[in-house]
Amino acid sequence: MKRYTDMEYLRLSKGRKFLYKIAAFFCAIPRGLKNFFLGIVRAVVNFFQSIGREFADIFTTFVKGDWKTKLSYLVMGFGNIARGQILRGLLFLLFEAVFIVYMIVAGAKWMSMLPSLGKVGPHEVYNAVLDQYTTEYGDNSFKILLYGVLTIFFIIAFIYTWRVNIRQNKISEQIIKSGKPLKSGGDDLRSLVDDNFHRTLLALPMTGILIFTVMPIIFMILVAFTNYSGINDGYANNLFTWVGLDNFNTLLAWEGAGNVYSATFGEILSWTLIWAFFATFTNYFLGMFVAMMINKKGIRLKKLWRTILVLTIAIPQFISLLYVSKMFDKNGIVNGLLSDLGVIRQNIDFWGSTAHSALLPRVMVIVINIWIGIPYLMLIATGILMNIPADLYESAKIDGASGWKQFSKITLPYMLFITGPYLLTSFTGNMNNFNVIYLLTGGKPINAAASSAAGSAGYTDLLITWLFKITTGEGAKYYMASVIGILVFIVVAIISLVVYNLLPSIKNEEDFQ
Amino acid sequence: MNYYAIVNNTLEFIKENALIVGIIAAFCVVAITVGMWKVFQKAGKHPWMAVIPFARDYTLTEIGSTGLIGVLAYVILPILGIINLNGIRYFYDLNKGASKPIYAILFVLGTIFLAIALFFHVLSSIKLSNAFEKGTGFLIGLILLPPVFLLILGLDQSKYVRSVSTSLGLKASRAISNTLIHIVLVIMAIIWLVPFVCIVLQSFRTETKPDGTMITWIVPDVFPKKWGLDNYINLFKSDFVDWYLNTFIIAAVVALLQTFIVLCMSYTLSRFRFKLRKGLMQFMLILGMFPGMLTMIILYRVLKDLGLTEAHAVPGLILVYVASSGMGYYISKGFFDTIPKTLDEAARVDGATRAQVLFKIILPLAKPIVIYTVLTAFMAPWGDFVFARYIAFGDSSGMNAAVGLWKWLTQDMINLRYTMFCAGGVLVAIPVAVLFMCLQKYYVEGVTGGAVKG
């Protein structure tokens, strides 16, 4: 393909420019793929190289080090204690002791059971004392998986600490050789509010994130490869096992036994994307429009209008949304008003569906979301619009630009440039907008074709509400929920990556100015 | 006089008398819509169809069962009209000396099609008026309908609109547009307020049925027939008091702890440059792409084993809300980034430790963002539904207000508790709404800053 220089490109007509862009995009794909795979190869090579370097370092430290260092390989922290850094040494020693005791008491057992997730189901055992059969619950796969994951975390942490311990010995030796004093325990403590203050500050938040976000996510990713369902939650049967990629096959296969799931998944995914698109852009443009109306010169009571709109942010959504959903009930106020005015003769079932589609509830959900979303956008847009330099508009006016021209050439590009990242996050946020859907419709009307097996999915269900439905109620299918969760992650990640690379504010910051 | 001249003269006329033509056209539209409404009502079709342009035309062909001819006349005709409109624009441009060949082609084509379509239109109009058994007046009205439409579409063009405003003068046109905006704003304010006004009204509804029991379900009237405080009194006899207390405890504790954690996190990521900083931020970005609900399954099981669900859900919920709150550092980090670093450095030179810098210098400056964080950290658990629904579902005494009130609106409770739900909703909304309105300024600052930084 012929490449144009910048000047040549600028001389092209609009249509040719567009075609050229498309062609350039497709021509760039092979190069992009090549770079991507080369990048992966390079990363892998780097990874192994750095591991090799670590091993070499560990080895040379051992060979060159004195006896204190050598003993530290076995007894962590020995070197620190022997050189007078009692506090550090004791911490290392304590960690090693805890690790060894844990592995002997429990860790080894959990690790050994991890590959099978337990074999002994509930069974009856003869109890000689009571002279009767009692139930033994057997292995609990949930606990095995959970503690197995925790044990792996612990082992990794131990290996890391061991490595730090060795490096410390090496550094201490170097410092002693150069004749400087080592840091005392007091120095260490003091640095926690000074040079190492960031560690102190991050300790609590990161622990919370590790235990309450990272660990559950890893656990749930693993669950996607098991058959863990609501049945395994009670005491009747705590056993579940690894099933490999079966669950992904069920969800993504378009034929066979999993058909119900895959059809439902397809439908819900497409509705989720449609919903996210409309929910994001209707709010964005209408919110901007409202902000411009309120900001216009000569509009009175600006503060009043803003305050009224902001009410929907101030009042908890579960109240406003639940109430609005009941307002549009078949016997609700809206129907009552409309029939009093003689507009309708028959009450409209806003949340109902016809045999094959559910256009009305879907449109309703989007419209009510506008009611919820405009105030946010109005607040954001107000702030940004005030920052647009006024001389831009003045010179445009002198050049004879109409109101629409001013909007499309100045206001809109400015807004899009500044709020690009926000648009992206609000798109992905809308994909996972649980509150609006669940509180308004609960996913209803029920999609009869797909409901029976697949967690009674409805026409307005998003992936996230479907996931919620699958994990609650009778016969919760946790494995399916985590498969859906992983797929949601993949969709969100792909959209974010693609859009992030297309965003003007990231791509060509200079162009705009 | 040829066709060109007719169009040209018509255009001139419209330009000169734009206001009058516009008013007449608007009147015609209203009259036609009302007429259609009645016609549709009589024919048993949905009257709303009369308002939606193309749906209305299609329904007309359905009523008249005019078949293909009707479809041609009522559905395709307006489209062709729009094409022809471009022809009119061609004339407008021609007058100014700008000639665009595409308009000329469109104009010729449009005119030909329009002539054909008009012919079919007359045919189908006769058929329709026969189907309704109406007189010649109706027929004439029907035949005249599309030309009126064309006029309105023509007025839609901004050039003519502008010719209206220039004929009125700048001041007057601005006054008109401002009046229009005020009208729109008033309508919007009403739409935004109606649900809240309605819920307050419902909460005072105490009318009784003939047998003396109170009406507690959905009633299609806006205003109560009998006012009273019975719903609120009943509320204090129910589990609602527990829920309210739970919600308050959760929200207050979470607000404190979460603010602390978020400030730690954002201050660190804004001020310190350490080895894993970039990696940490990217890692949390990726973590945020997982649906948070996914973690609920395991957290529920673990909390259940610890005995922190259902009846004792309050500490469990606090734990869940607070633990992961470090992920929401973006907005306050953006704020800390705006505080100049030279302040820190000056203090460090004077011998202050990093901790002293944070507590003595940065925090006093960061008052707006601290208030913003407290406010959002309080409001989120106050209205949270998802996690609470999962963790505190089984036992009434551990629920927060959101779950409890939601339960009152489920199928088997709604007929007994609907008006009480409204009263409860009012009580839950008031404190947080008042708090929000007082601190609105800080909220706006935070949200705007957050959106700009992304």
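Hydrogens, waters and symmetry mates play no part in the numbers below; they use all other heavy atoms, side chains included.
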Residue among [options] with most heavy-atom pairs under 4.5 Å to chain A:
{"options": "B:Phe421, B:Phe283, B:Tyr390", "result": "B:Tyr390"}
{"options": "B:Met293, B:Met437, B:Met188", "result": "B:Met293"}
{"options": "B:Phe260, B:Tyr443, B:Tyr329", "result": "B:Tyr443"}
{"options": "B:Val444, B:Thr353, B:Val426", "result": "B:Thr353"}
{"options": "B:Thr179, B:Val262, B:Ile181", "result": "B:Ile181"}

CA sep, side-chain torsions, deciding dist, call: A:Leu146, B:Arg301, side chain to side chain contact (heavy atoms under 4.5 Å, CB included): CA-CA 10 Å; A:Leu146 180 62; B:Arg301 270 294 297 258; over 6 Å; no
Considering all heavy atoms of both residues, which atom of [X] and which atom of [Y] are nearest to each other, and what is their separation?
{"X": "B:Trp192", "Y": "A:Ile370", "value": "CZ2-O, 4.0 Å"}
{"X": "B:Val432", "Y": "A:Ala314", "value": "CG1-O, 3.6 Å"}
{"X": "A:Phe318", "Y": "B:Gly383", "value": "CD2-O, 3.6 Å"}
{"X": "A:Pro216", "Y": "B:Ile298", "value": "CB-CG2, 3.4 Å"}
{"X": "A:Pro205", "Y": "B:Cys264", "value": "CG-CB, 4.2 Å"}
{"X": "A:Gly485", "Y": "B:Pro291", "value": "O-CD, 3.7 Å"}

Atom group of [X] that falls short of 4.5 Å from chain B, counting heavy atoms:
{"X": "A:Ile218", "value": "neither"}
{"X": "A:Met220", "value": "side chain"}
{"X": "A:Thr307", "value": "both"}
{"X": "A:Thr428", "value": "neither"}
{"X": "A:Lys143", "value": "side chain"}
{"X": "A:Arg190", "value": "neither"}
{"X": "A:Phe219", "value": "side chain"}

Enclosure of B:Arg273 CZ (heavy-atom neighbours >12, cutoff 6.0 Å):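 Yes.
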Determine the option with the most heavy-atom pairs under 4.5 angstrom with chain B, choosing from [options].
{"options": "A:Val223, A:Leu301, A:Ile217", "result": "A:Ile217"}
{"options": "A:Leu204, A:Thr207, A:Asn435, A:Val310", "result": "A:Val310"}
{"options": "A:Phe489, A:Phe468, A:Phe434", "result": "A:Phe489"}
{"options": "A:Leu439, A:Asn335, A:Leu201, A:Thr382", "result": "A:Leu201"}
{"options": "A:Lys296, A:Met327, A:Gln317", "result": "A:Lys296"}

Side chains of A:Ile221 and B:Phe290 in contact at under 4.5 Å (non-hydrogen atoms):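 Heavy-atom side-chain distance check passes, below 4.5 Å.
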A:Met206 side chain near B:Leu280 side chain, heavy-atom distance below 4.5 Å: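 SC-SC contact between A:Met206 and B:Leu280 confirmed.
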Heavy-atom distances under 4.5 Å only: say whether [X] touches chain A with side chain, backbone, both or neither.
{"X": "B:Ile430", "answer": "neither"}
{"X": "B:Val186", "answer": "both"}
{"X": "B:Leu287", "answer": "both"}
{"X": "B:Ile297", "answer": "side chain"}
{"X": "B:Gln440", "answer": "side chain"}

What distance separates [X] [atom1] from [Y] [atom2], expressed to the nearest 0.5 Å?
{"X": "B:Thr268", "Y": "A:Leu202", "atom1": "OG1", "atom2": "CG", "value": "4.5 Å"}
{"X": "B:Met284", "Y": "A:Ile209", "atom1": "CE", "atom2": "CD1", "value": "5.0 Å"}
{"X": "B:Leu405", "Y": "A:Leu322", "atom1": "CG", "atom2": "CG", "value": "8.5 Å"}
{"X": "A:Leu309", "Y": "B:Leu193", "atom1": "CG", "atom2": "CG", "value": "9.0 Å"}
{"X": "A:His198", "Y": "B:Arg277", "atom1": "NE2", "atom2": "CZ", "value": "11.5 Å"}
{"X": "A:Ile319", "Y": "B:Phe196", "atom1": "CD1", "atom2": "CZ", "value": "9.0 Å"}

Full working for side chain to side chain contact (heavy atoms under 4.5 Å, CB included) between B:Met289 and A:Val488: CA-CA 8 Å; B:Met289 289 176 189; A:Val488 169; over 6 Å; no
Where does the angle between the aromatic ring planes of [X] and [Y] fall among parallel (under 30°), tilted (30 to 60°) and perpendicular (over 60°)?
{"X": "A:Trp305", "Y": "B:His182", "answer": "tilted"}
{"X": "B:Phe385", "Y": "A:Tyr438", "answer": "tilted"}
{"X": "A:Tyr323", "Y": "B:Tyr418", "answer": "parallel"}

Residue pair A:Lys326, B:Ile414: steps toward the side chain to side chain contact (heavy atoms under 4.5 Å, CB included) verdict: CA-CA 10 Å; A:Lys326 295 303 169 205; B:Ile414 186 165; 3.6 Å; yes
Stepwise side chain to side chain contact (heavy atoms under 4.5 Å, CB included) test for B:Phe272 and A:Phe197: CA-CA 9 Å; B:Phe272 294 90; A:Phe197 191 39; 3.8 Å; yes
